[in-house]
Amino acid sequence: MNTGLDHWIVTLVTFIPLAGGLLLLVFPRRDRDLRLFALVVSSLDFLLSLHLPAYFEHQPYAGQPGGLVGARVFQYELNLPWIRIPNIHYHVGVDGISAWLVLLTTFLTPLCVLISWKSIAARVKEFFVLLLVLETALIGVFVSLDLFLFYFFWEATLIPMALLIGMYGHGRRVYAALKFFLYTMIASAFMLAAILWLYAKTGTFDFVQIQSAIRNGQVENLTVAAPWLFLGFFVAFAVKVPLFPVHTWLPDAHVEAPTAGSVLLAGVLLKMGTYGMLRFNLGLFPEEARRNASWVMVLALISIIYGALVAMVQPNLKRLIAYSSISHLGLVVLGIFSFTALGLDGAIFQMLAHGISTGALFMLAGILFERRHTYEISEFGGLATPMPIYASFFLFIVLSSLGLPLLNGFVGEFLVLSGAFRDRAVYGILGATGVIWSACYLLWMYQRVFLGKVVHTINDSLPDLSLRERAALWPPAVLAVLMGVVPLVWLKVIDTAVQAALLPLSQIATKGTMP
Amino acid sequence: MVPLSCYLVLSGILFACGVAGFLIKRNIITIFMSIELMLNGANLSFVAFAAQWKALSGQIFVFFVMVVAAAEAAVGLAIIIAVFRTRETLNVDRVNLLKL
Amino acid sequence: MNGSLAMVPQGVEYIRLLPEIVLSLFGMVIMIADPLLKERRPRTLGAVALLGALLALAATWVQAQYPGFAFWNMVRVDAFSVFFHFVIVGVTAVVILTSFEYMEVEGLRAGEYYGLILFGTVGTSLMSSAVELVLIFLALEISSIATYILAGFRRRAAISSEASLKYFLLGSFATAFFLYGVALMFGATGSTSIQVIGDVLSSFEVPPLAYAGIALMFVGLAFKVAAAPFHIWTPDVYEGAPAPVVGFMSTAPKAAVFAVLLRLMFEAHAPGRIGLIWVVAALSMTLGNLGALVQSNVKRLLAYSSIAHAGYLLVAFAAVPDSGIPAAMFYAASYAAMNVGAFAVVSHFSNAGESYVKLEDYSGLGSSSPLLAAILTVFLLSLIGIPITGGFIAKFYVFSAALQSNMVGLVILGVLNSAVAAYYYLRLIVVMYMREPREEVPVSAVPAGMGVAMALSLAATIYLGVLPGRVLDYAGRAVAEWTR
Amino acid sequence: MLHLLLFLVFGLGCVAGAVNLLAQRHPIDSALSLVVVMGSLAGEYLLLGAEFVAAIQVIVYAGAIMVLFVLVIMLLNAGEEERTRGSRVALLLGVPGVLIGSALVVWLIVARSPTQAVAAGALPGAPETIAWLLFHEYLLPFEVTSILVLIAIMGAVVLASHPAMVRSTKREG
Amino acid sequence: MTPNFHLWLIPLLPLVGAAINGLFGRRFGRKLAASVGLTFSGAACAQGLWVALEFSSLGTGLYRESLAVWIHAGDLHVDFAFYLDQLSLIMLLIVSGVGFLIHIYSVGYMGKEAGLYRFFSYLNLFLFFMLTLVLASNYLLMFVGWEGVGLASYLLIGFWFTKDQAASAGKKAFIANRIGDFGFLIGLFLLIKHFGSLDFESLFASIQLRSPETQGAGLLTSIALLLMVGACGKSAQIPLYVWLPDAMEGPTPVSALIHAATMVTAGIYMIARSHLIFDRAPVAGMTVAILGTLTAFFAATIAIVQTDIKKVLAYSTISQLGYMFLACGVAAYTAGIFHLMTHAFFKGLLFLAAGAVMHATGGEQDMRAMGGLRTKIPWTFWTMTMATFAIAGIPPLAGFFSKDEILWQAYASARGSWLYWLLGVITASMTSFYMFRLWFLTFFGEYRGGRAQAHLPAQPAGPGGQAGSHNLPRVSSEHGGIHESPKVMLVPMVILAVLSVVGGWVSYHHTFENFLSPVFRGAGAASAVETRPSSSAGESPLEESGERETLFTTLSVAAAAFGFFLAWLLYHRRPELPKSIAHEILGLYHTVLHKYYVDELYAILFVNPLLKGSAKLLWRGIDQNVIDAGLDASAHATRRLSDTMRHMQSGNLRSYAGWMSLGAAAVIAYMVWTGIP
């Protein structure tokens with residue numbers, strides 16, 4: 001640690017894309033340069049962000065008895081006063097959880113640029129500006145340790161995403177964009193209320209301080225408010241995840257969104273929800289989380305099975321993938337609320353894995369769309385013959401997403417399920433059925449799209465992957481293998497944070513306040 | 001010797017009449033008159049209270065109110081004329097282009 | 001009570017009145033210059049008016065150095081009044097800038113226009129520093145009458161004169177209520193000076209008449225700030241009045257009246273505040289947003305939104321003084337910034353005879369003139385309350401203030417309202433970016449004055465959104481002075 | 001006793017005038033009844049000892065303002081107002097509102113306000129005292145009224161002047 | 001000192017081969033691709049043999065090498081570690097050996113394929129996973145191989161992906177396996193939850209401390225049952241066997257390697273590997289035995305009436321796997337593994353031979369269109385004969401020993417019962433019947449393949465597998481008549497033939513048993529706890545069981561002979577008979593011919609309801625008609641509300657005043673109410 005830029009690295013990583021976007025604004029309207037510049041900026045940001053895990057101290061202050069372990073876990077912290085009243089700080093920093101999510105974001109964005117190289121022909125400048133702004137906002141969500149800052153970025157992600165969907169989407173894009181925006185906006189209103197309440201009681205927005213204040217019981221009539229606060233946060237996050245009853249915005253948003261939009265939406269945006277649950281619902285209200293775990297897990301299970309079943313019968317490729325990610329993220333929530341080290345580790349790992357594989361899936365779908373301008377599965381069939389490389393890439397990603405061992409999907413899935421099982425056997429069992437479902441819908445989809453004879457003659461002449469597309473697809477593929485074979489690289493860092501997050505829970509458990 | 005409240009009640013009645021006039025009269029000018037009525041009601045209570053508190057500021061207030069009333073009258077009647085020019089009517093119920 | 005008994009006011013007392021003096025001087029200059037000048041008058045007069053406004057700003061800065069009472073405690077200059085002076089005069093300057101183009105296009109009588117704006121500003125700014133109900137009443141009347149006239153300035157257009165008629169009649173109706181309230185208050189306390197009233201009302205035994213007095217005064221003021229259920233004039237008037245005028249009257253007088261309300265509620269310790277504010281705020285937010293949902297005319301839509309925003313602002317009134325007042329002040333400032341900007345765009349886009357004010361007319365603005373669309377988008381986002389804009393911080397601050405005094409229900413309501421409100425602002429954004437442009441709608445280039453105006457309000461909005469610290473601090477100081 | 005009598009006479013005059021204003025269909029009649037109201041109000045003022053106020057009440061109000069009204073009525077030769085059913089709200093909600101509101105206020109005044117009797121001419125508001133006040137404590141408001149009047153004049157000019165005869169600008173709004 | 005075997009290399013070599021072929025194969029020529037495949041599988045095989053030779057030098061008979069930590073989360077710790085004992089050694093030899101042979105065979109068989117590189121990379125991939133499965137030293141790594149072989153079989157079955165049946169068959173196989181794996185997973189979760197580890201050594205160490213759960217329901221029982229579910233999936237036992245027959249859509253070498261010799265036996269291996277658990281869970285053991293017996297019997301009945309040569313073999317495989325299950329169920333693991341080995345030899349051979357036959361007849365699979373091939377393809381005939389006699393259990397061939405062993409144990413072992421035995425014997429006779437039926441139909445009588453020749457030219461000459469129902473596209477289009485297979489195919493067949501002749505002799509004087517005894521030592525100990533009444537009858541069990549064994553042996557041989565006789569009678573002596581019999585019992589015949597309509601049953605019970613339900617109820621129903629509709633409705637309601645509300649804005653001034661005065665009244669009322677105490 002303590003390389004020179006340790007305090008500023010997070011800030012840099014966060015705002016470089018924004019700076020790039022602003023520069024783009026003044027760029028001449030020559031599309032090639034714009035694309036190139038965007039690519040350069042985002043890749044640069046990715047390289048820079050590699051610093052985070054590279055110099056990350058595992059077990060930074062291990063052996064600290066009790067207290068606010070959550071606080072000391074954060075690294076690369078930077079804490080500057082921003083607004084005096086209300087007492088708002090620019091407080092950023094990462095722990096084992098957020099570091100990887102940041103990396104995921106910076107990793108996916110260049111791919112998004114690559115994948116939308118051709119598909120975005122009109123209003124190119126706006127597109128890439130929006131993309132970069134979105135990246136900044138996303139990273140900001142993960143790094144901010146000040147609740148105000150967090151909410152700030154949280155809301156800031158809405159606009160570019162909605163615009164991306166609305167401006168560059170297809171079909172009922174406006175409907176989708178509005179639905180997405182309002183769904184999230186209304187939900188996060190509750191979170192805002194909760195945050196404000198916390199500020200009113202603690203006089204600070206600083207996550208760490210609030211956390212310690214709560215743990216040391218310095219917040220008056222918290223016991224009354226805690227359930228509502230928990231709910232306030234939870235609703236906002238549940239919509240983002242999305243959990244079962246409030247998931248309907250996702251399929252529409254995905255189907256209409258441009259490829260890059262879908263990639264970031266599925267790859268990162270949804271993770272905001274699970275990340276939030278982890279950081280706030282668990283971090284701030286462990287007891288409440290414990291108390292509500294049972295029904296939350298039930299919701300998660302419903303999403304797992306429901307999402308999978310609905311995915312199975314989707315006639316539309318993207319819709320199918322969208323529902324599949326509902327199912328996968330249900331798994332993540334299941335892991336989070338299992339309150340076992342296994343479950344949490346798995347959940348976080350699953351977030352990353354899902355980001356990679358589903359991101360790649362959406363890229364693949366987008367590639368197909370570029371060629372045929374439809375997502376209807378019935379329009380395809382036998383594609384393996386005209387485009388074998390594409391088919392093998394697709395198969396590979398499908399396998400990784402249905403959790404084949406030695407690929408990224410498996411580790412997270414396994415850990416989550418065993419964690420859930422350890423917490424309550426029936427949850428583990430029901431969740432494990434997801435293993436079967438995912439195989440069913442993914443393989444069936446694969447068969448309908450790629451296997452058999454070519455039915456529509458137009459598909460006979462589809463060109464196989466271009467070099468650029470391959471360049472966009474190789475990284476996730478390689479990463480999928482790496483994450484499957486050497487998950488330790490990730491788990492080591494994650495485990496640190498998870499242990500810290502679990503500490504208060506274990507204390508509760510020992511205190512015996514849990515039901 | 002008249003109890004002060006009598007004056008106040010009277011002012012209240014005048015004010016109420018003014019409001020009622022605003023509500024039920026159709027002719028714009030008459031409505032404007034009822035506003036003047038309201039002002040007068042207010043004035044009366046000013047003077048009455050001035051007498052109660054032995055404070056002349058109340059009476060001075062009335063003076064300023066009259067100035068304001070005059071100014072309002074000038075502007076208001078001008079507006080009414082302008083409206084009449086465009087609309088050829090003085091019936092408020094007919095002046096409803098802007099709605100919903 | 002410095003210098004209250006002196007036979008003649010000293011110079012410093014004039015300084016404490018400097019901005020008003022400057023403004024009225026320039027107003028007169030314009031009135032005199034109007035007949036003398038021959039051609040290119042509108043611009044020249046506009047320039048003069050602008051100069052006046054800027055000088056007034058400077059004067060405000062000077063004035064800020066000499067806080068205190070003036071003219072036998074008629075006027076009190078403190079951080080509070082200075083804050084509002086800056087807001088009001090600044091808005092005036094921007095509005096004058098926006099009016100350049102409008103005057104040309106609509107061919108209105110520039111002389112009276114600018115004169116009225118300046119004189120109106122005198123009253124408006126005086127409201128924020130007056131601490132004597134007589135003066136407040138007069139100032140209120142000045143600004144109101146000025147706006148009545150301005151509202152009807154497009155006399156050719158029937159809707160314009162109708163707007164001014166409605167505004168005028170209802171306005172004087174409300175004024176009468178206010179006046180009667182003042183009378184009752186005078187009867188209850190025996191004085192018309194805020195301080196004295198405050199002393200009486202803060203004593204443990206409040207005279208019953210005072211309640212009626214507060215009620216009636218509140219009715220009058222609530223009308224001016226367009227708070228439900230006294231908001232009902234707003235949509236009609238805003239739709240009918242000339243766009244720049246709406247920009248002016250929806251911000252400056254509103255801010256001033258809020259200042260008066262603040263003085264009344266907090267400096268005069270009006271009793272029975274909480275419940276009243278609670279209901280009125282809730283009503284305003286809800287009715288405003290509900291009404292806006294289905295509007296197709298942008299000016300009207302913004303009118304409804306301004307009702308809703310009055311509601312949000314009133315939420316701060318329900319909070320404890322030392323967090324509520326700064327919140328309200330900040331909200332007034334940021335709302336002024338974004339709303340003036342929005343109306344600047346609207347008035348530029350609306351073109352000759354305000355022909356293009358429908359929602360559909362904005363379709364495809366995002367591609368036909370990206371910059372204009374982007375600017376308007378920023379203002380709309382600020383109105384929604386999206387981060388990095390003043391609107392966001394303002395809402396945030398107001399709600400947190402309310403929460404600090406345990407107004408949980410009200411806050412929840414407000415937060416939900418603002419979430420729902422997002423819908424109709426978004427409709428406009430959607431139309432701009434996600435529809436195809438209509439060729440029949442001309443998009444003229446933005447002239448210099450208008451450009452500057454937009455840039456200024458944009459800058460203000462963003463500044464308040466990113467670095468609100470200084471402004472908030474200043475607002476905080478105002479409260480400190482009061483409580484001292 | 002006489003005091004009370006006078007009060008009642010003027011008071012009745014006021015109320016009668018007010019009610020008549022509402023009752024009359026023709027604006028002129030309303031205007032005249034308004035004059036009655038103002039006249040008798042002046043009487044009440046005298047009873048309260050506010051001579052100055054009474055004077056300007058007669059001069060400004062009953063004189064200037066009402067004349068203006070009548071002038072406009074003539075100018076626009078407004079006739080009988082027709083009975084249009086423009087607004088049910090005004091009658092169904094407004095009027096009850098007025099009644100409740102005024103009833104409350106009156107009740108408040110009668111029941112909960114210092115109601116000591118005042119002698120005739122209780123507080124002599126002699127012009128010179130008023131004037132002294134106007135030029136000291138109330139200097140600023142007094143000056144400010146000038147702006148108010150200025151605005152009124154401008155407004156009248158702008159709004160009332162006939163579009164045709166104003167050729168000051170290219171196109172007339 | 002223990003030698004370093006570098007076990008990790010064994011699976012890795014094929015993986016490298018797979019990678020090379022997979023990534024660059026499309027640029028290779030056929031020869032290069034094939035040689036790459038052969039080299040790496042061969043290398044793996046060679047190292048396997050070397051390890052086997054060196055194995056004796058291990059004193060302990062145990063060898064473990066840990067490569068690296070794979071997963072470390074919370075308290076769960078899983079290594080990339082390999083484990084070698086007698087059991088895994090045998091499996092290693094079978095897998096790498098047979099695998100290599102079949103690689104060779106494929107060179108000849110698939111030689112003309114366009115996607116040869118794909119084929120070989122898949123095959124190598126399979127070897128990698130299978131070897132991982134066999135050598136893994138913990139359940140999770142085993143699971144890796146477990147899932148992996150599933151994948152490989154998916155890929156290989158669907159090798160001719162343009163054929164819809166092939167694609168569906170692959171999918172079916174994978175999903176059926178997944179269902180099994182589901183059970184396996186839950187089993188693992190239980191292990192983690194209660195033992196905190198998945199490593200064989202530590203796990204079994206802690207399990208050994210537990211006493212058997214005589215009264216059924218218990219932790220170990222449930223674990224064992226769950227593992228069994230996994231095994232059922234892999235080893236195609238009731239109720240999950242349905243995928244195996246369809247899997248015959250794949251190229252014949254694949255069927256030989258994966259669906260006969262190696263992959264399908266993974267289940268048996270897994271049970272044997274976790275015998276400590278099963279020993280302590282008699283109920284689970286009994287379930288395994290019953291399932292095995294039923295499957296064996298049931299599959300055999302189906303095999304009798306099949307006419308597709310590969311289908312017959314497929315069902316026979318299921319049936320044989322049933323035997324092995326039975327063996328494991330009665331804790332006779334040695335016998336199970338023994339049969340596993342011999343079966344690998346002869347069943348692999350049978351498939352290869354069948355492949356050769358099809359090769360000869362231009363891709364014909366229907367036995368009714370064969371016949372009289374004896375003279376035309378002697379090599380194939382003779383090797384096939386060996387295999388047939390072996391599987392039929394005719395002494396002294398391999399099959400005889402192993403099957404006999406199982407039957408004996410089914411009766412004699414502590415958990416055995418005469419019922420198992422009876423069904424087993426009946427199955428044995430059926431086995432020999434349908435095998436000889438196949439034999440006779442294929443090689444005797446006169447050639448009935450005119451029809452086949454007739455529609456040969458009708459085959460489209462697209463890339464691999466365009467050939468409709470035919471597995472073998474090009475072959476016949478090049479050389480018309482029936483012909484012997486090339487050497488490269490015959491050599492492996494011959495080797496396997498030899499093995500299936502002599503393979504049984506390893507059990508002479510219990511050598512095989514003794515060799516495996518260190519692994520299954522626990523088994524005896526555990527089952528010794530319970531004693532069966534029969535054996536507790538006075539006289540010493542040893543010679544008593546001795547003469548009993550001979551009796552049983554004769555019986556089973558007789559059964560085999562009976563089967564042979566029947567087949568000879570029906571399909572050689574009086575070939576018209578079968579039809580008439582079929583007509584006699586038409587209903588039954590059809591039921592059996594359609595495999596008891598199990599697939600259809602599953603479709604009605606599970607597949608369709610699931611699809612329809614999720615489409616109609618969940619998606620259209622809940623998603624669109626409840627949630628979204630609800631949202632839209634609320635939005636609509638809001639709009640209507642606002643639409644009504646704006647009628648407050650009637651545009652009439654007096655109404656406005658009305659509203660205002662009402663509001664004023666309200667405000668006054670409120671204030672007065674608050675003000676007056």
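By convention in this document, chain letters (A, B, ...) are assigned in the order of the sequence lines, proteins followed by strands, and residues within each chain are numbered from 1.
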Checklist entry - Under 3.5 Å, side chain of C:Glu239 to main-chain N/O of B:Leu98, donor-acceptor pair present? => result no
Checklist entry - Which answer fits B:Ser34, side chain, backbone, both or neither, if we ask what part of it has an atom under 4.5 Å from a heavy atom of chain C? => result neither
Checklist outcome for this item: All heavy atoms of C:Ser161 vs all of B:Thr86, minimum pair found to be OG-OG1, 3.5 Å
Checklist entry - Between C:Tyr304 and chain B, which part of the residue has a heavy atom less than 4.5 Å away: side chain, backbone, both or neither? => result side chain
Next on the checklist: Would you compute the distance between atom CZ of C:Phe168 and atom CD1 of B:Ile28 and round it to the nearest 0.5 angstrom?
Outcome noted: 11.0 Å
Next on the checklist: Counting C-beta onward and ignoring hydrogens, is there a side-chain heavy-atom pair between C:Leu179 and B:Phe61 closer than 4.5 Å?
Outcome noted: yes
Item to check | Set of salt bridge (charged side-chain N to carboxylate O under 4.0 Å, His left out) partners for B:Lys25, sequence neighbours left out | outcome: D:Glu81
Checklist entry - Considering only heavy atoms from C-beta outward, does the side chain of B:Ile60 approach that of C:Val134 to under 4.5 Å? => result no
Checklist entry - Between atom CG of C:Leu169 and atom CD1 of B:Ile79, what is the distance when rounded to the nearest 0.5 Å? => result 8.0 Å
Checklist outcome for this item: So, the part of C:Thr189 with a heavy atom under 4.5 Å from chain B: the answer is backbone
Checklist outcome for this item: If one checks every heavy atom of C:Ser160 against chain B at 4.5 Å, the contacting part turns out to be neither
Checklist entry - Tell me, side chain or backbone of C:Leu138 under 4.5 Å from chain B's heavy atoms, or both, or neither? => result side chain
Checklist entry - What is the minimum heavy-atom distance between C:Ala176 and B:Met38, and which atoms define it? => result CB-CE, 3.5 Å
Item to check | Option that, when pairs with chain B are counted at under 4.5 Å, heavy atom only, ranks first among C:Gly152, C:Ala188, C:Ser172, C:Gly181 | outcome: C:Ser172
Item to check | Nearest-0.5 Å distance that lies between atom CZ in C:Phe173 and atom CD1 in B:Ile31 | outcome: 10.0 Å
Checklist entry - Between atom OG1 of C:Thr175 and atom CG of B:Leu39, what is the distance when rounded to the nearest 0.5 Å? => result 8.0 Å
Checklist entry - Can you say whether C:Phe177 sits under 4.5 Å from chain B via the side chain, the backbone, both, or neither, judging by heavy atoms? => result both
Item to check | Part of C:Leu184 lying under 4.5 Å from any heavy atom of chain B | outcome: both
Checklist entry - Any side-chain heavy atom of B:Phe49 within less than 4.5 Å of one from C:Leu209? => result yes
Checklist entry - Counting a contact as any heavy-atom pair under 4.5 Å apart, which residues of residues 66-74 of chain B contact chain C? => result B:Val68, B:Ala71, B:Glu72
Checklist outcome for this item: Checked B:Ser45, B:Gly76, B:Ala55, B:Ser57 vs chain C; the most non-hydrogen pairs under 4.5 Å come from B:Gly76
Checklist entry - Between CZ of C:Phe186 and CH2 of B:Trp53, what distance do you get to the nearest 0.5 Å? => result 8.5 Å
Item to check | Any side-chain heavy-atom pair of B:Phe46 and C:Val182 under 4.5 Å | outcome: yes
Item to check | Residues of residues 15-23 of chain B with any heavy atom under 4.5 Å of a heavy atom in chain C | outcome: B:Phe15, B:Val19, B:Phe22
Item to check | Any residue of residues 111-124 of chain C which, by heavy atoms, sits under 4.5 Å from chain B | outcome: none
Next on the checklist: Is it the case that the side chain of B:Arg85 and the backbone of C:Arg156 share a donor-acceptor pair, with hydrogens and angles ignored and the cut-off at 3.5 Å?
Outcome noted: no
